[in-house]
Amino acid sequence: MMIKTAADLIKAGDLVAFPTETVYGLGADATNEEAIKKIYQLKGRPSNNPLIVHVNDIYEAAEIVTLNRAAEILAEIFWPGPLTLVLPLKKKAKIAPSVTAGLKTIAIRVPSHKTARALIKAAGCPIAAPSANPSGYVSPTSADHVSSHFSDLYILAGSNSEYGLESTIVDLSGDCAKILRYGFITPEALSEALGEKVQYKSGVDIKAPGMMEKHYSPRAKIRLNAKELNPGEKGIGFGVIDLGGLNLSEGAKLEEAAANLYNMIQLLDSQEDTTNIAIAPIPNIGIGLAINDRLKRAIA
Ligand code: TXA
Ligand code: MG
């Protein structure tokens, strides 16, 4: 599919899956309530779980949210890229009510993926997009993952997701910055940028599935911190712990492991004879925090 075709579909109120640097998104015109409702319906997503809006720069963001100093600093350093900011929604912003699930704040990000940016520009509207998977399942990092779940969906195919994990979400709507979801942008990087310690805060006010215990789960049963393979299991190793099958990163690089994680899980999960997957321990530092966070939820 061409970018113009995808943009015309978005403008007409249709859904289009598209690549981003984190995971594939299921996009719709964020100003069109009917279109946004189709996202919740297709994903089987609870209506109390708000969406992330994608725009191309901080000026487009400023039409939707009230920026503050912390937002300007983080945007300057990390946009375009895998960082989502939660900020107060401007009253006059033309955002469909279902995007925010009725909240007074909205999650917004500026993606770096070329195709995502071209789509937003051609559509001429902010694009709301959750990950393009059925609610509760692992997020797609390739066009094939998307089509394996949604055979009738329009897909703007592009490269595989470079980072392979959903964006870091930082809430800047309160007195101090809080990490709502770990991702490629680490707590250390955020703390350094803002000159204050930025921490993860669980149990936020909204009961959002992305932050709830069980999420990101494949069909097969996962066992974590595996140092060897049990009978009936397929393995995903890391570094020197090789479980006889796939390896997230032979050189024990966390970036590489993050980029491979969902892809390897979905590869094994798509094989009919897979019932159990064993995954080697991942160090709980830097990007490892995000990897372990997703794995913990996958087995919850
Ligand atoms: O990397 C990503 O962020 C991908 C790509 C497509 O951009 N999108 C993504 O969307 O991961 P989704 O819907 O799977 O996750 C959105 C998360 C949810 O956990 C939701 O609860 C949270 O963002 N969220 C949205 N609006 C919020 C708000 N106003 N306050 C707090 N959390 C919010
Ligand atoms: Mg998701």
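Counting starts at 1 for both ligands and their atoms, following the listed order. Every heavy atom of this structure was used, including side-chain atoms; hydrogens, water molecules and symmetry mates were not.
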Table please: side-chain donor-acceptor pairs of residues 1-10 below 3.5 Å, with sequence neighbours left out.
from, atom 1, to, atom 2, distance (Å)
K4, NZ, D8, OD2, 2.8

Could you list which atoms of ligand 1 come closer than 4.0 Å to a heavy atom of [X]?
X: A129; value: 6 (C), 8 (N), 10 (O)
X: I169; value: 17 (C), 22 (C), 23 (O)
X: R181; value: 2 (C), 3 (O), 9 (C), 11 (O), 15 (O), 16 (C), 17 (C)
X: L51; value: 25 (C), 26 (N)
X: L103; value: 28 (C), 29 (N)
X: S131; value: 8 (N), 9 (C), 10 (O), 12 (P), 14 (O)
X: E166; value: 1 (O), 11 (O)
X: H54; value: 5 (C), 6 (C), 7 (O)

Self-check item: For I52, the option from P111, S131, S167 that meets side-chain contact (heavy atoms from CB on, under 4.5 Å)
Solution: S167
Quiz item: If you measure every N/O of K43 against every N/O of ligand 1, is any gap under 3.5 Å?
Solution: no
Self-check item: S167 N/O to ligand 1 N/O under 3.5 Å
Solution: yes
Just to be sure I read this right, does ligand 1 sit under 4.0 Å from the backbone of [X], its side chain, both, or neither, counting only heavy atoms?
X: P50; value: both
X: T105; value: both
X: H113; value: neither

Quiz prompt | CD/E228: more than 12 non-hydrogen atoms of other groups inside 6.0 Å | solution = no
Exercise. Look at atom NZ of K90 and say whether more than 12 heavy atoms of other residues, nucleotides or ligands are closer to it than 6.0 Å.
Key: yes
Quiz prompt | Heavy-atom gap L180 to ligand 1 smaller than 4.0 Å | solution = yes
Practice problem: Kindly say whether the aromatic ring centers of F18 and Y24 come within a distance under 6.0 Å. | Solution: no
Quiz prompt | Step-by-step salt bridge (charged side-chain N to carboxylate O under 4.0 Å, His left out) determination, E233 to R223 | solution = CA-CA 9 Å; E233 286 180 336; R223 181 168 68 89; 2.7 Å; yes
Quiz item: Between CZ of F184 and CD1 of I287, what distance do you get to the nearest 0.5 Å?
Solution: 4.0 Å
Quiz item: In Å and rounded to the nearest 0.5 Å, what is the CG to CD1 distance from L67 to I73?
Solution: 12.0 Å
Quiz item: Under 4.0 Å between a Lys/Arg side-chain N and an Asp/Glu carboxylate O for K38 and E33?
Solution: no
Exercise. Decide salt bridge (charged side-chain N to carboxylate O under 4.0 Å, His left out) for D273 and K234; before the verdict, give the C-alpha distance in whole Å, the side-chain angles of both, and the deciding distance to 0.1 Å.
Key: CA-CA 10 Å; D273 63 341; K234 293 191 184 178; 2.8 Å; yes
Quiz prompt | N/O/S atom of S131 inside 2.8 Å of the Mg ion (ligand 2), strictly under | solution = yes
